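Encoded as structure tokens, the structure appears first; notes follow it.
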2 protein chains.
Amino acid sequence: MLAKTVGEPSLASSIHDLARHLNISIGTVSRALNGRADVNADTRQRVLEAAKKLNYAPNQSGRSLRQGATHSIAFMLQPHPGDQQYGEPFFIPFLTGLQARLAESGLDLIVVMGAPGDYQQERLRRVVETRRADAVVLAWTRREDERIEYLAERGFPFATLGRSRSGGKSYPSLDLDFEKAGSDAVDRLVSRGHRRIAAIRPSLDLNFGHLFMTGYRKALRRHGIEVDPGLIAEGFINEAGGYQVTPRVMLSKDRPTAIIFNNDAMALGGCKALAEMGISPGHDIAVIVIVDTPLCRYFSPALTGFRPALEPLGRRLAEMLLASLPAFAGPEGTRIMREVWPLELIARDSD
Amino acid sequence: MLAKTVGEPSLASSIHDLARHLNISIGTVSRALNGRADVNADTRQRVLEAAKKLNYAPNQSGRSLRQGATHSIAFMLQPHPGDQQYGEPFFIPFLTGLQARLAESGLDLIVVMGAPGDYQQERLRRVVETRRADAVVLAWTRREDERIEYLAERGFPFATLGRSRSGGKSYPSLDLDFEKAGSDAVDRLVSRGHRRIAAIRPSLDLNFGHLFMTGYRKALRRHGIEVDPGLIAEGFINEAGGYQVTPRVMLSKDRPTAIIFNNDAMALGGCKALAEMGISPGHDIAVIVIVDTPLCRYFSPALTGFRPALEPLGRRLAEMLLASLPAFAGPEGTRIMREVWPLELIARDSD
DNA sequence: CGTTTTTCCGTAAACGTTTACGACAACACA
DNA sequence: TGTGTTGTCGTAAACGTTTACGGAAAAACG
């Protein structure tokens with residue numbers, strides 16, 4: 001495919017080239033490169049120098065084939081159904097943390113894009129069966145998650161951002177405490193005198209949506225407030241979703257005086273709908289969002305919400321995954337299987 | 001690593017298992033699987049059935065090693081310097097299109113996360129040198145881009161989203177017409193009576209920032225308006241950036257009556273700053289954004305801007321890349337090297 | 001100086017594929 | 001019946017690594 005130009009170092013120099021160049025065997029070269037003990041100090045030196053000079057880097061395929069490990073972890077990323085145009089800003093900082101921690105252990109992170117609609121199952125199978133990665137990281141877990149069942153059944157190593165009822169307790173999972181957030185949001189609103197509190201949520205299949213709503217319900221009951229189905233609406237988890245369904249709860253017989261939105265994008269769409277109805281968030285109605293991003297802070301009015309620490313979250317999940325992999329496990333007993341991080345409310349101007 | 005359970009199909013079944021199970025040679029199995037002509041019709045049938053039954057999928061490492069090709073394309077993704085917390089919603093739909101088209105040609109898309117700060121150079125080298133992908137897709141091209149120089153110099157196949165002065169014309173590149181957008185934005189504002197038009201832009205290293213600004217300058221001159229450096233400010237390409245620098249142009253001796261923001265996030269931050277100064281966008285001042293996302297549509301007031309068709313963009317770039325790869329090239333002469341797509345203004349309420 | 005240990009290195013097999021080559025049978029043709 | 005052709009398959013090499021093993025030389029020890 002590529003014309004090999006003479007003179008300059010070839011794009012693909014193999015361990016054989018190195019060996020030939022140094023007049024030693026490939027075995028020695030490999031051992032020198034991999035830092036093994038049984039190689040003379042200055043032959044190692046010479047090998048390292050030659051490697052740099054000839055621009056040598058080991059061929060990953062050869063390496064993986066021999067070792068039976070790819071040294072890479074796959075993250076399955078995919079547009080959410082209904083989330084046509086917008087993307088999920090949530091993941092970039094998370095992935096940054098994930099990648100940073102994995103890199104420290106010599107692992108590559110590869111993000112595998114799914115096609116919209118098939119909910120990753122097909123792509124996931126492909127990654128697993130062709131052994132493209134040593135482990136998988138899943139996000140946006142569902143309450144019953146066939147991806148998790150598939151992986152657990154096969155004994156393929158994985159970790160999840162988010163909990164699920166599938167797959168038992170066999171895998172590390174890290175989650176945010178959306179239930180507490182939902183509950184805290186209600187508490188705060190009630191303490192400010194609200195009793196008719198609406199919730200704009202995504203599908204309950206998505207586990208964070210489910211958790212948010214159980215927190216919401218429990219808190220309402222705790223305060224002796226009946227849960228009014230007319231104050232709850234489900235929409236796609238983006239601006240359009242919030243825009244479409246927010247009017248529905250506002251048209252309820254007894255209007256809500258506060259709305260809790262699942263996330264920033266839905267809140268943005270919802271606020272647009274409110275504005276069109278002549279209702280001003282933070283003034284005529286209180287607004288809180290469960291998962292906020294910088295968007296909430298720079299919105300007018302600045303939206304009160306719960307800001308997750310995404311990059312540390314990514315780092316931590318990487319650590320948990322590593323601890324569950326035999327090849328990287330520290331002293332036994334360091335395996336962390338479940339963790340739920342608190343979500344802190346950041347009070348701003350919208351409630 | 002994984003305990004092999006007896007009875008159920010093993011996770012890793014090789015071509016040897018298949019051959020043994022069918023009592024034929026691995027060569028025949030391979031030929032049958034790969035649809036070669038010299039294999040009997042019903043042995044092929046038997047092989048296919050057995051493959052399904054034993055859950056066989058070819059080991060990618062073995063395949064790549066033998067063929068000298070990985071069948072995967074790498075997209076380099078990385079948090080922009082200064083873009084700490086937020087992410088880039090821009091890319092998800094683009095990647096969706098890219099992946100869809102590549103999949104149609106049997107190629108996998110893998111997204112490689114860079115560490116913040118090193119501007120991909122290190123990760124890129126790693127991908128290229130360890131031969132993890134057959135080609136690379138770059139985004140956020142800079143005016144002088146060392147990544148492009150590196151790849152072009154090596155003869156490694158790649159394509160870019162965005163133009164650059166580096167690397168000659170040796171690679172396919174697809175871009176949006178930011179210059180025209182900048183110019184159109186000015187035209188529109190001038191036609192509505194504005195003469196003091198500010199611009200909030202990112203670093204001029206980023207080629208789209210540069211293009212936007214040349215369009216802006218040219219249009220101003222065309223209208224006989226002098227470019228006032230006091231009306232131009234540079235910030236990080238996120239909410240915080242817009243928030244920080246917008247006050248600077250507002251404090252100019254002669255206040256602007258309109259602002260053009262580079263993108264949605266900067267506009268959001270900028271509008272926040274304006275609100276804090278008691279200035280209402282769309283009322284006291286006109287606002288246009290160059291690269292908009294659904295965010296602009298659902299903001300209040302809805303922001304006028306130029307919406308790119310991201311998914312088609314991804315598909316198209318995939319096509320251009322494929323056409324440049326000998327292994328996928330159609331009839332000679334189908335290589336498309338440069339393309340610039342128009343950007344259409346969507347008028348909303350902010351100007 | 002002889003023996004044991006240590007240090008260092010080369011050899012070769014193995015990982016799972018693909019593919020060039022040749023072999024063998026069946027068949028067609030004269 | 002002999003020769004050529006076609007269809008089908010097995011053999012073995014190759015891709016670039018890593019690593020178990022053994023051997024030779026050097027060092028240590030008595």
Side-chain angles (χ1 to χ4, degrees), chain A residues 1-2 4 10-47 50-51 54-72 106 128-132 134 327, chain B residues 1-2 4 10-47 50-51 54-72 106 128-132 134 327:
Chain A
M1 186 150 102
L2 305 170
K4 291 204 179 173
S10 157
L11 186 57
S13 77
S14 82
I15 209 174
H16 290 93
D17 299 328
L18 270 190
R20 208 175 315 119
H21 183 257
L22 292 168
N23 246 354
I24 59 181
S25 80
I26 59 164
T28 308
V29 175
S30 177
R31 281 190 301 263
L33 256 19
N34 292 351
R36 295 205 114 71
D38 56 346
V39 44
N40 185 288
D42 60 69
T43 52
R44 158 166 298 131
Q45 187 61 28
R46 285 171 45 226
V47 169
L54 296 195
N55 215 301
Y56 171 79
N59 180 305
Q60 266 304 320
S61 304
R63 210 153 197 274
S64 309
L65 182 55
R66 170 61 218 235
Q67 301 195 135
T70 62
H71 305 289
S72 55
V128 169
E129 285 170 4
T130 62
R131 270 133 291 172
R132 265 186 175 282
D134 299 337
Chain B
M1 186 148 101
L2 305 169
K4 290 207 179 173
S10 158
L11 187 59
S13 77
S14 81
I15 208 173
H16 290 94
D17 300 326
L18 269 190
R20 208 176 314 119
H21 181 258
L22 292 167
N23 246 354
I24 57 180
S25 80
I26 60 165
T28 308
V29 175
S30 177
R31 282 191 300 264
L33 256 21
N34 292 349
R36 293 205 118 68
D38 57 346
V39 44
N40 185 288
D42 61 70
T43 50
R44 160 166 300 133
Q45 187 61 26
R46 283 168 49 224
V47 169
L54 296 196
N55 216 301
Y56 170 79
N59 181 304
Q60 267 303 320
S61 304
R63 209 151 198 276
S64 309
L65 182 55
R66 169 62 218 235
Q67 302 195 135
T70 62
H71 305 289
S72 56
V128 169
E129 284 169 5
T130 62
R131 270 133 290 172
R132 267 184 174 283
D134 299 337

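By convention in this document, chain letters (A, B, ...) are assigned in the order of the sequence lines, proteins followed by strands, and residues within each chain are numbered from 1. Worth saying up front: this structure is predicted, and the values here are computed from it rather than measured. Any value given below was found using the heavy atoms of this structure, including those in side chains, with hydrogens, waters and symmetry copies removed.
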Strictly below 4.0 Å: does B:Ser30 bring a side-chain N or O up to OP1 or OP2 of C:dT18? yes

Integer-rounded Å distance: D:dT18 P and A:His16 NE2: 11 Å

Rounded off to whole Å, could you give me the CZ-to-C1' distance for the B:Arg132 and D:dG16 pair? 15 Å

Quiz question: going by heavy-atom distance under 3.5 Å, is there a donor-acceptor pair between the base of D:dG10 and the side chain of B:Arg31? yes

Judged by atom type as modelled, is there a donor-acceptor pair below 3.5 Å linking the side chain of A:Arg44 to the main-chain atoms of A:Arg36? yes

Presence of A:Asn34 side-chain N/O under 4.0 Å of D:dT18 phosphate oxygens OP1/OP2: yes

Nearest-angstrom distance from the residue atom CG of B:Asp134 to P of D:dC15: 18 Å

Write down the distance between NE2 (B:His71) and P (C:dT18), rounded to a whole number of angstrom. 9 Å

Let me have the donor-acceptor pairs involving side chains of residues 60-69 of chain B, under 3.5 Å, with sequence neighbours excluded, atom names and distances please.
unit_1: B:Ser64; atom_1: OG; unit_2: B:Gln60; atom_2: O; d: 2.8
unit_1: B:Gln67; atom_1: NE2; unit_2: B:His71; atom_2: NE2; d: 2.7

Whole angstrom value for the distance that separates C1' of C:dT18 from CZ of B:Arg66: 4 Å

Heavy-atom check, side chain of B:Thr28 versus side chain of B:Leu22, under 4.5 Å: no

Taking CZ from B:Arg20 and P from C:dG16, how many angstroms apart are they, rounded to a whole number? 10 Å

Is any side-chain nitrogen or oxygen of B:Thr28 closer than 4.0 Å to OP1 or OP2 of D:dC9? no

Give a yes/no answer on whether the side chain of A:Asn59 brings an N or O atom under 4.0 Å of OP1 or OP2 in D:dT17. no

Which residue, B:Ala57 or B:Asp38, contacts DNA chain C at a nucleotide closer to its 5' end, judged by nearest heavy atom? B:Ala57

Please report the distance, rounded to the nearest Å, between CG in A:Asn40 and C1' in C:dT6. 13 Å

OP1 or OP2 of C:dC9 sitting under 4.0 Å from any side-chain N/O of A:Thr43? yes

